Amino acid sequence: MSKQASYYWRRQLMWGLLLVGFGTAFLLDRLGLFDIDELWHYWPLLLVVVGINEMIGYPTSRQFAGGFATTCVGLWLFACYEGVFGLSFSNSWPFLLIAWGLKLVIEPLVRARFAENKESDHEK
């Protein structure tokens with residue numbers, strides 16, 4: 001399987017599973033078997049899943065760095081909602097600057113390390 005075919009397959013699989021999960025949750029909510037309000041508390045973890053999905057397989061440096069940043073933002077949002085280590089939006093917003101800086105540092109490092117993964121047509 002080519003790298004581009006692998007990319008599209010992985011992306012389609014992830015979005016398909018997310019749609020099945022959301023559809024199931026909404027159906028169970030409408031049938032009165034599940035309260036979907038409990039599920040909305042965990043929405044930042046979707047960003048973590050999307051970010052990790054971008055980093056696996058044969059990503060380019062841009063995909064890997066973007067996935068890393070998306071994962072960091074998802075973890076930060078979840079930590080703020082949960083109050084982990086006393087974090088809130090007002091006292092931890094500099095984390096976004098740190099994640100952005102790490103993305104800028106990681107991209108050329110990944111490009112140098114995995115030079116064989118060239119940008120494909122879907123990234124230009």
Side-chain angles (χ1 to χ4, degrees):
M1 181 180 294
S2 71
K3 291 179 186 177
Q4 191 166 9
S6 173
Y7 171 80
Y8 285 119
W9 181 82
R10 178 175 41 98
R11 191 171 198 94
Q12 187 172 353
L13 179 67
M14 184 204 64
W15 287 113
L17 289 175
L18 283 176
L19 285 174
V20 167
F22 278 132
T24 303
F26 283 124
L27 178 64
L28 292 175
D29 181 54
R30 296 293 175 210
L31 294 174
L33 301 173
F34 179 72
D35 186 18
I36 202 159
D37 292 334
E38 296 173 12
L39 189 63
W40 290 118
H41 184 71
Y42 299 101
W43 76 265
L45 296 179
L46 288 176
L47 290 175
V48 174
V49 170
V50 169
I52 290 173
N53 186 49
E54 285 292 315
M55 292 189 299
I56 61 174
Y58 299 103
T60 63
S61 59
R62 181 179 295 159
Q63 287 174 330
F64 188 87
F68 178 78
T70 303
T71 302
C72 287
V73 169
L75 290 172
W76 171 72
L77 286 171
F78 187 70
C80 287
Y81 283 138
E82 290 292 317
V84 177
F85 302 119
L87 293 177
S88 68
F89 293 108
S90 62
N91 70 5
S92 66
W93 64 265
F95 180 77
L96 294 177
L97 295 175
I98 294 169
W100 188 12
L102 285 173
K103 177 195 178 295
L104 294 175
V105 168
I106 285 174
E107 188 171 344
L109 292 175
V110 171
R111 186 179 302 126
R113 176 76 172 124
F114 301 107
E116 67 275 0
N117 293 340
K118 304 285 186 217
E119 285 189 20
S120 60
D121 293 335
H122 67 274
E123 285 200 19
K124 293 182 181 176

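Side chains included, hydrogens not; waters and symmetry mates left out as well; all remaining heavy atoms used. In what follows, residues are counted from 1 in the order of the sequence shown. This is a predicted model, so every value here is computed, not measured.
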Any [X] side-chain heavy atom under 4.5 Å of [Y] side chain:
X: Val48; Y: Phe78; result: no
X: Trp43; Y: Leu77; result: yes
X: Asp35; Y: Asp29; result: yes

Minimum heavy-atom separation for [X] to [Y], with atom names?
X: Ala99; Y: Cys72; answer: CB-CB, 3.9 Å
X: Val105; Y: Pro108; answer: O-CD, 3.3 Å
X: Ser61; Y: Glu107; answer: CB-O, 3.3 Å
X: Ala79; Y: Leu87; answer: CB-CD1, 3.9 Å
X: Asn91; Y: Pro94; answer: O-CD, 4.3 Å

Working to the nearest 0.5 angstrom, can you tell me the gap between [X] [atom1] and [Y] [atom2]?
X: Ile52; Y: Met55; atom1: CD1; atom2: CE; value: 5.5 Å
X: Phe34; Y: Thr24; atom1: CZ; atom2: OG1; value: 10.5 Å
X: Leu75; Y: Thr70; atom1: CG; atom2: OG1; value: 11.0 Å

Next item on the list: Kindly assign one of parallel, tilted or perpendicular to the pair Trp76 and Phe89, based on the angle between their ring planes and the thresholds 30° and 60°.
Entry: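 Perpendicular.
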